[in-house]
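Below, chains carry the letters A, B, ... as their sequence lines are ordered, and counting in each starts from 1. The figures that follow rest on heavy atoms only: side chains count, while hydrogens, waters and symmetry mates do not.
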Amino acid sequence: MSLLLFILLPLLAIFLMPFYRAYLHYVSTVLSMALFGLALTCKAALPLVERVAVDLPLAITFELSSVSWLLVTLFTLSMSLFSLYHLRFSSNKALFVGTNMLLVGVIGLVLSRDIFNIYIFFEISSISAYLLTSLNQDAKAYGGAIRYMIIGAFASLFFLLSIMLIYLTIGVLDLQMIAQRFNLIDEQVQYLILLSLFIALGIKTELFGLNFWVPDVYQASRSAVSGLFSAMLSKSYLFLLFHLAYLLHVSTSQMAFLTLVAALTFAVAEFSALKSRETKRIFAFSTLGQIGLIALALSYGDTALTEAALFLIIVHALAKLMLFLALDLLERRLGSTKSEIFARFESLFLMAVFTVGALSLLGIPPFAGFAAKLSLLKGLAGLEAYGAMALILTVSLIEAAYLFRLLSGFRQGEQKMVVTLSPLERLIFGVMMFALLLLGLMPQPLLALCQEAAQAMLGGYHAAL
Amino acid sequence: MLHFEATLLGHLFFGLSLLVIVALLRKNDGLWHLLLLGSLGIIFYASSLVTLFIGWEMMGWSGYFILSKTARVSTLQRYILFNLGGAFALLGAIALLFSFMGSMMLCDIDLTLLPVWALHSVSALVLIAVFVKSGIIGAHDWVVDSYQEASPLFSAVLSAILSKAGIYLFIVLLLKQPHDERVLFELMAWLGAITSVVATFKAISQDEIKRLLAYSSIAQLGYIITALSLMQAYALEAALYHTVIHTLVKLLLFVNVAAIMAITGKERFSELGGLLYRVPLLFVLLVIGIIALAGMPLLGGFNGKFLLYTALLEEKRALLLATVMFSSASAFLYCYKLVYGIYLGQRPHDESPLHVSPKSYYIPQLLSAALLILLGFLPALPTPLFSAIGVEAGFSALEFTKPSILNSPFGSFNGAVLMSAFGVVFVLILGLLQRVHSKAKAAQNAQDISYCGEVPKAGVNLHFGYGMGHELGRIGFIAFILRRQSRRFWDYLNLIVGDLSILLRSLYALGTQHILLLSLLGFTLLLLGGL
Amino acid sequence: MQNLMQHFEIIQKTPTLYALHVSIETLFNTLHHLRYQSDFITLSQLTCTDWIEEERFELGYMLTNLERNCNLMVKCFIGRDDVTVASVVTLFPQAEVMERELHEMFGVGFEGNDTLYDFALEDWQDLPPMRREFDTLAYVQSHYDFRDGRDDNLDVKEQIKIRKAAAKSAKEAQGGA
Amino acid sequence: MEEGFNAYRQSLESEEQSIKSTQSVVEQAIAWFRAHSMFVLAYGTGCGAIEMPPTFTSRYDIERLGVVGVATPRQADILIVSGYCSPKTLKRVIRSYEQMSDPKYIIGLGSCTINGGMYWDSYNTIKKLDDFLPVDMYVNGCMPRPEALIEGFVKLQEKIRLNSSEAGYIKYRDNYAHYRANQERLFGAQVAPSYEENFAGMN
Amino acid sequence: MVLIDCFLMLLLAYGFGFLYYGLYRNLSARVHGRFGPSLAQSFFDSVKLFVKEQSTTFGWMFYAGPIIMATGAVLNVLFIPFINHGDSLQGLSSSANLIVVLYLMVLGPLGNALGVGSNGNPFGVMGITRGLTRLIALELPFYLAVIGVMIDAGSADFSAIFEAQSQEMNLLKHPLLFMAAFISFLGFMGKSPFDVVGAPQEVYSGPATEFSGKFFALLLSQSAMFSFAKLLLMVNLFLGGADDLGDLVLKTFVLFVAATFIGSVYARFSTIQSVEFLMRIPTLLGIVGLALL
């Protein structure tokens with residue numbers, strides 16, 4: 001049950017594509033379901049390390065620790081939900097290739113323990129993201145894709161620079177070895193490597209100062225695709241950033257800088273969402289905000305906070321995917337994603353979907369967001385980080401303002417278009433809503449998993465301190 | 001996540017909310033009301049901080065969805081933002097408490113262990129939640145707007161029960177405080193008193209009925225908050241007693257007003273008037289309501305206030321007591337405006353027909369009127385319950401002799417004697433007046449009033465109802481109060497946040513080349529900084 | 001006052017009273033001129049005289065000036081039956097009541113003054129009473145009846161003479177008897 | 001038979017003795033109270049109103065007799081019609097009189113109420129107040145001085161004490177149609193709302 | 001025994017009430033330089049009004065309004081003890097205390113307000129509104145004084161208040177409080193400068209516009225008894241209560257004459273002026289008095 005299967009199966013599916021041209025969406029659903037089952041089965045045999053040596057410097061080493069297992073299951077789950085949603089529409093070659101390539105890239109990023117492998121999957125995921133952004137084949141989509149490509153190239157340039165520096169100074173590509181010998185190299189070079197890593201991954205994880213391109217890209221791509229981006233793409237890079245940070249024993253002052261950047265991301269994103277009138281853009285800002293929040297939690301390097309961060313990752317992925325898929329549904333029927341479309345459709349189910357999504361994003365009981373926010377605040381209080389707590393509480397008020405203004409759209413508007421959902425869509429959204437409610441009421445099992453993952457992630461970091 | 005434990009206090013508050021919600025349940029919006037009742041149940045029977053918070057939030061947003069059936073968007077936003085603001089403050093307090101206490105269970109919350117700054121910050125945060133929920137003078141705009149725009153029956157629920165959640169929260173979390181760290185509670189006492197004075201004068205100058213009742217609820221809650229801040233057995237009993245009375249009175253008044261709106265379809269004093277002889281039962285019920293609301297000795301309304309006054313006297317807080325008595329005396333003006341505006345006076349000329357008010361409006365009114373009269377006869381009836389709650393919260397038990405004698409540190413009074421004396425004397429004078437041999441000639445019609453020899457023409461509006469609070473505006477001190485508008489402060493804040501967000505949003509509209517330039521600049525700066 | 005003399009042929013009646021006769025067309029302009037250009041800014045009286053022989057009314061606007069030491073009477077002749085004059089309410093607000101009274105008592109219409117309803121006489125159906133063709137005594141006879149003992153001392157002097165004669169004759173009879 | 005003022009006074013006294021004997025003690029007591037506390041409606045209809053201030057204040061002080069001015073007809077017993085009375089004023093006077101509660105009395109002040117006075121030939125004043133309202137006490141003079149007004153009040157007190165059946169308000173109640181007819185003849189149909197049914201229940 | 005006691009108190013209150021009312025008219029007449037009516041003139045007025053043959057009523061609420069008002073006045077009389085010791089002339093004061101009495105004083109105006117409201121005359125309601133607005137300002141200094149008395153006595157019961165004044169009257173112990181209370185007492189008694197509410201010249205005689213015959217009589221007699229009850233309250237609070245009937249008459253007489261003379265000298269405040277005046281000087285006096293407790 002080697003880890004390569006996660007990479008090979010989707011690639012194989014892409015190569016065999018010509019054979020089943022008409023049933024692509026079926027194939028991708030089955031594929032993602034299979035991968036999801038595979039991920040669940042190998043829960044028992046953690047931690048799993050697989051090493052395939054090609055020739056000396058280049059090797060493919062995958063490592064499935066509990067935290068990467070958690071993320072892989074999340075990615076495969078959201079991928080299967082995404083493809084389930086797309087069953088209704090005709091099969092689309094570009095979509096099929098893009099999504100599976102994205103899945104490969106994202107899983108690779110999380111699994112690989114070799115810095116060069118990470119770069120390969122870095123490139124794969126970026127390319128598939130550019131492809132997916134341009135799905136709509138209109139001027140806006142292409143514009144967004146090109147902008148995304150340029151900035152993505154800029155980021156991979158810096159990433160390549162850091163790999164080159166590491167290789168020159170340490171001469172080895174395996175993360176474990178790098179981690180051991182990292183502090184032997186000269187101080188300035190260390191700082192240069194860390195800085196270039198930060199810039200590269202900062203752009204990809206959309207931290208403040210580096211995320212000005214995000215709203216336009218999200219707006220350019222289809223809502224479903226942006227849902228995929230926010231559920232999988234940014235999360236994986238976030239994990240990578242902090243995984244490397246912990247491995248390379250980043251100093252506390254640099255961690256404090258990261259906290260500051262994360263807080264800024266959170267605050268600025270939420271504030272700018274307040275007055276925007278375009279739903280997709282609002283959800284993009286909300287994703288940026290949540291990423292800032294998760295980064296803030298991870299940057300403290302405390303197990304409780306990391307556990308809360310991981311839980312928040314899962315909850316946010318689910319909620320945001322649901323919202324984006326629902327928005328996609330509306331976009332296909334009403335054509336635009338302006339805020340007033342909320343006043344132009346009449347469907348009790350969809351209203352419930354948006355309400356549940358918004359409430360759990362806000363962290364309002366009894367939905368999952370609350371459990372995440374509570375554990376986050378508990379962790380922060382434990383560390384006496386009162387400033388961060390105050391920031392989270394006040395800025396989530398801003399978040400409440402714009403989310404509820406969206407929801408209040410249901411009450412206005414006279415001639416409403418009745419939107420009927422197919423039973424499959426009802427099933428998907430019903431499952432997601434139920435999951436959010438379930439996680440909200442009984443978060444303990446998932447929290448325990450996150451706790452275990454947090455320990456695994458921070459094991460090395462604590463040992464070094 | 002959810003831990004429950006039945007306490008006497010919980011039973012009292014849940015009983016009240018059960019009474020109110022069941023009495024006001026209507027066919028079409030049953031689901032939301034049940035959800036609201038569920039969330040109230042969670043709050044009142046919560047044994048852990050998290051359960052308490054879950055109930056508090058669910059109450060918030062289930063109220064939001066009920067309100068959203070009738071209210072404008074701006075009111076809804078104001079409602080949810082204020083409520084969430086209070087809730088997030090509470091969440092912050094809970095997190096803080098957890099970090100010091102180590103456990104979430106209510107039973108092992110002991111505020112005396114906290115360091116001083118933590119104690120102040122926790123109580124400040126909880127007080128924010130309490131103040132927002134009960135609409136203290138700074139944060140009262142949402143209360144007034146949402147009562148005005150909610151459906152009449154839901155505004156009854158809002159005023160009778162939801163505003164009490166804050167009181168329950170205070171009793172459960174903050175009641176036991178180390179004696180010397182009471183600076184916050186001195187402020188709270190004065191805030192409650194000032195709220196009741198300002199809200200009373202604002203209530204008097206209102207033209208819409210529900211706005212008047214909203215301001216009156218704010219004023220009454222001001223009393224309860226002042227009572228709670230005294231940290232004394234009788235003051236707690238006063239607060240609880242007044243909570244019960246206020247729930248009954250507001251249930252009665254709001255349902256009465258709802259019946260009037262169902263009959264006439266109007267909700268302003270200037271459009272109403274002269275309904276006395278068309279719906280006499282509603283009038284009598286409203287009179288019972290305002291007697292209790294004004295705190296007159298006959299019905300139950302006086303008992304709560306009496307205990308509050310004696311508690312204040314015992315604590316020798318003379319100026320505070322004077323403010324509270326002043327505001328409860330001037331409360332009488334808006335009570336009379338309520339009765340006069342709707343029922344008495346001449347009916348302004350409009351031929352719109354009067355519909356029959358549904359029977360179901362009468363049941364809650366009769367119920368609460370009967371309870372108020374009973375409490376008038378036996379004022380000390382609920383004292384054992386309140387003293388048990390006091391003991392449970394760590395105060396000394398209250399002195400209780402007979403159900404009809406309500407005693408307090410500053411003297412007692414016998415409700416039964418008072419009421420029966422009123423009844424006997426009333427009958428005596430009625431008999432005297434009947435026996436006197438001068439025949440009483442009924443006035444011919446509405447025009448047959450002494451009007452300086454003139455016959456009032458048809459178009460002349462003889463109803464003075466809405467004019468009642470106008471001359472108050474000319475009195476210097478009161479005009480100063482009426483001019484203060486906290487709404488302007490909140491709108492200004494909203495404006496600033498809006499501008500800030502537009503400014504920040506412009507960051508995300510940069511061209512690609514600018515973004516690259518910025519990141520390069522960032523890289524070089526960090527590089528130079530780090531080397 | 002002197003410079004006014006040049007513009008208008010003003011006749012001086014008494015040291016403090018001047019008169020000026022204008023035609024109905026120039027009435028309003030003259031008053032407007034006097035109101036704003038001269039110091040005769042107050043309208044103290046608005047009178048109407050009924051020249052029934054010449055079949056015309058004479059409207060008199062008495063203007064007094066600031067120091068109140070002299071008055072100017074602007075007079076003009078208007079017809080007697082259903083005539084309307086431009087109202088001067090816009091120049092002198094107090095004219096409203098005066099015009100209402102003239103309308104009620106003489107029947108002169110003032111176009112521009114919308115308060116010409118009842119003033120002293122409520123629901124008066126008869127001729128405007130101040131017109132000279134209105135017969136007061138006939139109206140009183142028809143509408144009111146006097147107390148019955150009233151008519152005997154209609155002619156008081158005869159009654160006194162009769163009584164004195166009776167008293168004298170009675171005394172003589174008594175003296176005689 | 002001698003005529004003039006003295007004669008009238010004797011006849012009054014003799015009549016008083018005869019009536020006093022027929023009335024019970026309670027009725028006499030009631031009549032005494034009514035005589036000793038008279039509320040006058042503060043309504044100056046004509047030029048006589050200027051006589052009332054000196055009568056009610058320090059110079060002549062009628063309060064010694066228990067006479068007080070009140071603002072509303074509801075509380076008043078006595079209505080003073082002081083001087084000439086134009087139809088417009090009479091309409092208000094009648095409405096105020098009908099709003100007063102029995103027993104109520106009218107004092108006609110000045111000769112204008114008796115026979116029109118110096119305005120006997122004016123188109124706008126009524127000549128005989130008696131046609132329209134039952135007058136209990138006339139005080140003649142072209143504006144009688146306060147002493148005469150007080151004399152009028154004293155005389156009215158004696159009359160009230162008699163509690164005689166042909167007091168003004170009874171006369172008004174019994175032949176209301178006659179008064180009403182006169183009023184309608186003067187005003188046309190514009191009379192204030194009629195109070196017939198008021199008296200229906202009374203007698 | 002209590003019933004006889006109560007009946008006796010009512011009789012005394014009725015008698016003294018009208019006596020003082022007549023006294024007031026006589027004294028103010030003398031101040032105006034005229035003789036003024038006999039002392040019992042108010043009594044004659046009320047009897048004459050009672051025996052009027054006819055009075056207009058506007059429905060059952062108008063009928064019940066004055067009755068509630070009279071009941072309020074009677075209750076006030078019953079719940080204030082006449083004598084400061086022993087058990088004669090105590091009425092029902094044992095089962096109530098000062099705070100109850102204070103708030104019972106509001107019951108009368110409520111009955112009046114309901115009655116006046118139901119007759120549909122706008123002038124009446126204007127009078128009521130003026131009365132209530134004035135009431136707000138009147139009660140502020142009075143409450144300050146009463147609070148001072150209660151805190152000094154340590155309890156709200158009349159017996160404790162009498163006992164606290166056994167050595168020295170509150171008038172001497174807390175002169176400032178007495179002054180504040182006395183000014184608002186003027187207002188409660190309806191003496192000018194605060195008598196804008198019931199005055200015949202103002203708003204067509206204020207609330208009592210539509211009261212005719214027996215209702216106006218009830219109004220007069222209840223206001224007489226009510227003013228006597230307020231006199232009694234002031235005596236009990238500040239002059240140490242009455243030792244016996246003679247002392248009672250003396251103290252009430254002195255207080256009443258002082259109020260009458262002050263009343264007959266001042267011109268009348270408008271409602272706004274009286275509220276603004278009452279909220280300044282008397283309240284200041286009260287606050288300073290409380291501070292010096």
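- At least one side-chain heavy atom of E:L114 sits under 4.5 Å from a side-chain heavy atom of B:F283.
- Looking at B:I478, only its side chain comes within 4.5 Å of chain E, counting heavy atoms on both sides.
- Considering only heavy atoms from C-beta on, B:I429 stays 4.5 Å or farther from E:Q222 through its side chain.
- If you tally non-hydrogen atom pairs under 4.5 Å between each of E:G148, E:G154, E:P109 and chain B, the highest count goes to E:G154.
- Side-chain atoms of B:Y340 never come within 3.5 Å of backbone atoms of E:V125 as a donor-acceptor pair (strictly under, hydrogens ignored).
- Heavy atoms of B:C452 lying under 4.5 Å from chain E belong to its backbone as well as its side chain.
- Of all the heavy atoms in B:G411 and E:N97, the pair that sits closest is C-ND2, 3.6 Å.
- Taking 4.5 Å as the limit, some side-chain heavy atom of E:S118 sits within range of a side-chain heavy atom of B:Y277.
- Here B:F422 pairs with nothing under the ring-ring contact (aromatic ring centres under 6.0 Å, His included) rule; sequence neighbours left out.
- Taking the six-membered ring for Trp and the full ring otherwise, the centers of B:Y451 and E:Y204 sit at least 6.0 Å from each other.
- The candidate from E:L78, E:V51, E:V106, E:L10 with the greatest count of non-hydrogen atom pairs under 4.5 Å with chain B is E:V106.
- Residues E:V146 and B:M325 fail the side-chain proximity criterion, which asks for heavy atoms closer than 4.5 Å.
- Listed in order of number, the residues of residues 61-76 of chain E that approach chain B to under 4.5 Å between heavy atoms are E:M61, E:F62, E:Y63, E:A64, E:I67, E:I68, E:A70, E:T71, E:V74, E:L75.
- At a heavy-atom cut-off of under 4.5 Å, chain B is reached by E:I287, E:L290 from residues 285-293 of chain E, listed in order of number.
- The part of E:L218 that comes within reach of chain B is its side chain, from C-beta onward, which places non-hydrogen atoms under 4.5 angstrom from that chain.
- Between E:Y103 and B:Y309, the ring planes are parallel. Angles under 30° get that label, and only those over 60° would be called perpendicular.
- The part of E:I128 that comes within reach of chain B is its side chain, from C-beta onward, which places non-hydrogen atoms under 4.5 angstrom from that chain.
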Tell me, with the steps shown, if B:F410 and E:L98 meet side-chain contact (heavy atoms from CB on, under 4.5 Å).
CA-CA 10 Å; B:F410 256 67; E:L98 184 55; over 6 Å; no
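- Between B:P280 and E:W60 the shortest side-chain heavy-atom distance falls below 4.5 Å.
- Side-chain contact between E:N121 and B:S450: present, with at least one pair of heavy atoms (C-beta onward) separated by less than 4.5 Å.
- Minimum heavy-atom separation, B:L344 to E:G117: CB-O, 3.4 Å.
- Most heavy-atom pairs under 4.5 Å with chain B, from the set E:Y143, E:F50, E:F215, E:F123: that is E:Y143.
- Interface remark: B:V424 contributes no atoms to any contact with chain E (heavy atom separation under 4.5 Å).
- Only the side chain of B:L276 comes within contact range of chain E, judged by heavy atoms closer than 4.5 Å.
- Chain B forms the most heavy-atom pairs under 4.5 Å with one residue out of E:L144, E:V275, E:T271, E:L110, and that residue is E:L110.
- A pairwise comparison of heavy atoms in E:E276 and B:R474 identifies OE2-O, 3.7 Å as the closest pair.
- With chain B as partner, the option from E:T56, E:T57, E:D157 having the largest number of non-hydrogen pairs under 4.5 angstrom is E:T57.
- Considering only heavy atoms from C-beta on, E:M279 comes within 4.5 Å of B:F326 through its side chain.
- In this structure the side chain of B:T310 reaches within 4.5 angstrom of the side chain of E:I99, judged on heavy atoms.
- Interface remark: of the candidates E:Q273, E:E139, E:K214, E:K214 forms the most heavy-atom pairs closer than 4.5 Å to chain B.
- Listed by sequence position, E:T129, E:R130, E:L132, E:T133, E:I136 are the residues of residues 129-137 of chain E in contact with chain B, using a 4.5 angstrom heavy-atom cutoff.
- Pairing each heavy atom of B:V417 with each of E:S95, the nearest pair is CG1-OG, 3.2 Å.
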